[in-house]
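Have a look at the structure below before the remarks.
Positions are given from 1 along the sequence. Hydrogens, waters and symmetry mates play no part in the numbers below; they use all other heavy atoms, side chains included. First listed ligand is number 1; within each ligand, the first listed atom is number 1.
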Amino acid sequence: MSRPRIWVSQPLFDDLLAPLREHADVVTTADVAEHSPAQIATALRDVDGALVTLNERIDGTAIAQAQHLRAVANVGVGYNNLDVAALAAVGVAATNTPDVLTETTADFAWALLLATARRVTEAERWLRSGAWTQWSFDRLLGADVHGATLGILGMGRIGQAIARRAAGFDMRVVYHNRSRVPDAVEAACRARWVPFQDLLAEADHLVLVLPYSASSHHVIDAAALAAMKPTATLVNLARGGIVDDSALAEALAAGRIAGAGLDVFEGEPVVHERLLACDNVVLTPHIASASHATRRAMVALAVANLAAALGLGPRAGDPPNLVPGSALPRLPSP
Ligand code: GLV
């Protein structure tokens with residue numbers, strides 16, 4: 001049997017690809033690339049597996065001619081860039097990288113929350129502008145984090161890790177999730193389930209960590225923003241599209257909420273121009289999992305998933321991180 005072929009869609013940590021190279025021919029991408037749908041379809045046409053990132057949309061059209069494709073390993077926990085049903089329909093397995101990024105992402109939620117509540121980036125911009133000529137008592141006042149109510153929308157692994165950290169700030173934690181998490185998890189997180197409307201009304205700082213899907217599209221829209229406290233802050237590190245960015249820009253400009261910390265955007269890397277114009281928003285370029293160790297761990301896990309799915313070397317077997325709804329990989333074509 002000939003060696004399997006693998007496409008790696010973006011530059012990743014090359015040394016971590018060694019387990020794939022040992023058993024397969026690996027085509028890498030030298031520079032960060034924005035692949036068009038046609039380029040993705042071409043790249044997938046003759047390969048058995050692919051290592052992709054959230055930049056690449058892999059759907060039925062992308063794989064229509066991919067007769068040999070058996071597995072797509074996403075380097076990321078969110079996998080809304082994969083049409084899992086379309087892949088499953090033709091026996092292509094889909095995997096993601098949960099767990100390895102949970103704690104790093106939770107750390108970053110707090111970085112955004114604190115920066116937003118205490119106006120850190122706005123203060124730095126002001127200082128760098130040369131406007132600081134005298135210390136003043138009432139300049140750049142923000143909201144307290146300690147003792148406040150933390151709201152979490154989406155109580156999966158990352159939501160729970162964020163909640164656990166809230167104890168250090170002596171916060172009250174409320175969350176909303178489609179289903180309540182077990183009592184023991186609620187106790188460990190010191191968190192209480194509340195209906196969505198109560199979450200909006202009670203949170204001083206609201207963090208979004210739910211997966212993006214048709215049902216979470218614009219869950220934070222103008223009406224949801226209007227239901228929040230005018231002193232509240234909003235943090236989104238899940239996916240663009242969960243928040244209606246245009247409604248958020250309007251609410252921020254009108255002072256309907258106090259501030260927002262955003263790591264993800266609708267249509268990123270393009271950021272809504274009205275958000276760029278707001279002072280009371282902290283903007284970061286989708287870096288919540290971007291620590292050295294975690295980004296390497298994500299690639300290593302995606303490599304292990306792909307090796308298992310393609311039956312390469314000692315890693316052959318069921319991929320550990322098949323996403324819900326994924327098929328097992330079809331047999332290699334002769
Ligand atoms: C990053 O956004 C991820 O889903 O891992």
| Partners meeting side-chain contact (heavy atoms from CB on, under 4.5 Å) with Asp138 (sequence neighbours left out) | Ser136, Leu141
| task | Enter the distance from Asn305:CG to Asn74:CG here, rounded to the nearest 0.5 Å. | result | 10.0 Å
| request: Could you tell me whether the side chains of Tyr175 and Glu186 share a donor-acceptor contact shorter than 3.5 Å? | output: yes
| query | Which pair of heavy atoms, one from His205 and one from Ala117, lies closest together, and at what distance? | reply | CE1-CB, 3.6 Å
| task | Tell me yes or no: between the side chains of Thr284 and Asp263, is some donor less than 3.5 Å from an acceptor? | result | yes
| said: Within a 6.0 Å radius of atom CG on Asp15, are there more than 12 heavy atoms belonging to other residues, nucleotides or ligands? | reply: yes
| query | Near ligand 1, which residues have a heavy atom under 4.0 Å away from one of its atoms? | reply | Leu54, Gly76, Val77, Gly78, Leu101, Arg239, His286, Met298
